[in-house]
Amino acid sequence: MIIEDVLQRLQAADLALDVKGAAHLAGAQSDQLRDTVYVLSLDETAAANTLLNIVRQQVTLGVGVVFALGNRRDRRGQGAQDEINARREQVRRSLLGWQPDSADDVLTYRRGRLLHMQDSVTWWQDEYETQYMISGGI
């Protein structure tokens, strides 16, 4: 649910980017015509259970935001960094400190990194994280 909440938030923002889910990332091609951001779940880490009669754990969810931005004006990619930074800032303003309805905490920034540069497209990934609780009986 958290990933869906993030996806909807970015789709509602005025980003001038296509916003898609993880299923679309697998089929994405470097020759795409429009700048796109993909939202996906990266990882989950659960804290230890501290209760005796039930299991209750806090889970940290990593949320990936993958940017695919064309360098159509600058085929060597020299100007790509400015474009990436501007788009990242737009997304950051939408997500940083915002709490998805299905989460127990706000989104915080984890890290960002260059994934790939090829065929005049720069692929960059920012990572955010939030927490939620899971529980069950023993």
Side-chain angles (χ1 to χ4, degrees):
M1 290 297 292
I2 293 172
I3 297 301
E4 185 64 29
D5 290 346
V6 172
L7 188 62
Q8 289 176 3
R9 180 155 177 102
L10 291 179
Q11 287 172 336
D14 186 21
L15 299 178
L17 291 165
D18 280 344
V19 180
K20 298 181 178 181
H24 296 279
L25 181 58
Q29 300 294 319
S30 290
D31 62 351
Q32 63 192 14
L33 300 176
R34 184 158 167 79
D35 294 340
T36 306
V37 63
Y38 301 90
V39 178
L40 60 146
S41 176
L42 295 176
D43 56 23
E44 291 182 321
T45 306
N49 181 50
T50 58
L51 302 175
L52 297 176
N53 296 327
I54 62 168
V55 174
R56 184 167 166 88
Q57 294 175 276
Q58 180 177 332
V59 178
T60 300
L61 172 68
V63 177
V65 179
V66 176
F67 297 84
L69 301 177
N71 302 325
R72 290 172 290 279
R73 295 169 304 203
D74 181 8
R75 293 222 176 256
R76 291 178 295 177
Q78 294 173 342
Q81 190 63 45
D82 290 341
E83 182 71 16
I84 287 284
N85 288 339
R87 299 306 181 116
R88 290 176 65 212
E89 181 59 29
Q90 288 178 319
V91 168
R92 187 179 299 125
R93 281 194 304 263
S94 293
L95 298 182
L96 193 64
W98 169 72
Q99 182 173 336
D101 291 339
S102 53
D104 294 327
D105 201 357
V106 298
L107 283 164
T108 58
Y109 181 73
R110 185 190 286 176
R111 71 178 183 150
R113 65 188 174 110
L114 178 66
L115 295 176
H116 193 61
M117 289 182 80
Q118 183 178 1
D119 299 330
S120 299
V121 176
T122 300
W123 295 84
W124 180 276
Q125 177 176 288
D126 277 339
E127 298 178 15
Y128 295 85
E129 65 183 28
T130 189
Q131 288 78 39
Y132 65 95
M133 296 298 289
I134 58 173
S135 60
I138 296 180

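Computed from a predicted structure; not experimentally measured.
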Roughly how far apart are [X] [atom1] and [Y] [atom2], rounded to 0.5 Å?
{"X": "Leu15", "Y": "Leu10", "atom1": "CG", "atom2": "CG", "result": "6.0 Å"}
{"X": "Gln58", "Y": "Ser135", "atom1": "CD", "atom2": "OG", "result": "13.0 Å"}
{"X": "Leu17", "Y": "Gln11", "atom1": "CG", "atom2": "CD", "result": "12.0 Å"}
{"X": "Ile134", "Y": "Glu44", "atom1": "CD1", "atom2": "CD", "result": "8.0 Å"}
{"X": "His24", "Y": "Leu40", "atom1": "NE2", "atom2": "CG", "result": "12.5 Å"}
{"X": "Glu129", "Y": "Tyr109", "atom1": "CD", "atom2": "OH", "result": "11.5 Å"}

Look only at the side chain of [X] and the backbone of [Y], and say whether a donor-acceptor pair between them is shorter than 3.5 Å.
{"X": "Asp105", "Y": "Gln131", "result": "no"}
{"X": "Arg110", "Y": "Gly64", "result": "no"}
{"X": "Arg9", "Y": "Leu95", "result": "no"}
{"X": "Gln57", "Y": "Ala47", "result": "yes"}

Exactly one of Val6, Leu61, Leu96 should register a side chain to side chain contact (heavy atoms under 4.5 Å, CB included) with Leu107. Which one does? Val6
Identify which one of Thr36, Val39, Leu25 satisfies the side chain to side chain contact (heavy atoms under 4.5 Å, CB included) criterion when paired with Lys20.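 It is Thr36; the other options fail the test.
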Plane angle bin for Tyr38 and Trp123 - parallel if under 30°, tilted between 30 and 60°, otherwise perpendicular: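 Aromatic pair Trp123/Tyr38 classed parallel.
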Minimum side-chain heavy-atom gap Leu69-Trp124 below 4.5 Å: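 No, too far: nothing below the 4.5 Å cut-off.
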After noting the C-alpha distance and the side-chain angles of Val37 and Arg87, does the key distance pass the side-chain contact (heavy atoms from CB on, under 4.5 Å) rule? CA-CA 9 Å; Val37 63; Arg87 299 306 181 116; over 6 Å; no
Closest heavy-atom contact between Trp98 and Asp5? CH2-O, 3.5 Å
Where is the tightest heavy-atom contact between Gly21 and Leu7, given as atom of each residue plus distance? N-CD1, 3.9 Å
Can a cation-pi geometry be assigned to Arg88 and Phe67, taking NZ or CZ under 6.0 Å from the six-membered ring centre and within 45° of the ring axis? no
Cluster link Tyr132 to Val63, ILVMFWY, side chain under 4.5 Å: yes
